[in-house]
Amino acid sequence: MKNTVIESKWGDFRLNVLSWLNNHRNHQLIQANGVRERSLSLLQNRYGYTREEAASALDKHYPQARLE
């Protein structure tokens, strides 16, 4: 009986999970971009880098932070 209910509601469940995952991923990307922007600003303010120099330094030392 329970399997039948799950199977009949699978489409709705799947769509809800996919929607939740997409929202979660979007939130993570927004947060990551915010961290990158703050990091660039910090390098610019602290060391007097141009935006391009700060981006280059950040990409060199933390390539996983690259989102652009």
Residue set satisfying side chain to side chain contact (heavy atoms under 4.5 Å, CB included) with Ser39, at least two apart, ordered chain then number -> Val35, Leu58
Can you sort out the partners of Ser19 under side chain to side chain contact (heavy atoms under 4.5 Å, CB included), two or more places apart, ordered by chain and number? Asn23
Gap between atom NZ of Lys9 and atom CG of Asn16 - 0.5 Å precision: 11.0 Å
If you compare all heavy atoms of Ala57 against all heavy atoms of Tyr49, which two are closest, and at what distance to 0.1 Å? CB-CE1, 4.0 Å
Separation between OH (Tyr47) and CG (Leu42), nearest 0.5 Å, reads 7.5 Å
Rounded to the nearest 0.5 Å, the CG atom of Leu43 sits from the NE2 atom of His61 at a distance of 9.0 Å
Report the residues that fulfil side chain to side chain contact (heavy atoms under 4.5 Å, CB included) with Arg14, sequence neighbours left out, ordered by chain and then residue number. Trp10, Leu18
Which atoms form the tightest heavy-atom contact between Arg36 and Ala55, and what is the distance? NH2-CB, 4.0 Å
Reported CD-to-CD distance for the pair Glu52 and Gln44, which is rounded to 0.5 angstrom: 8.5 Å
Nearest 0.5 Å please: distance from the CH2 atom of Trp20 over to the CG atom of Leu15. 15.5 Å
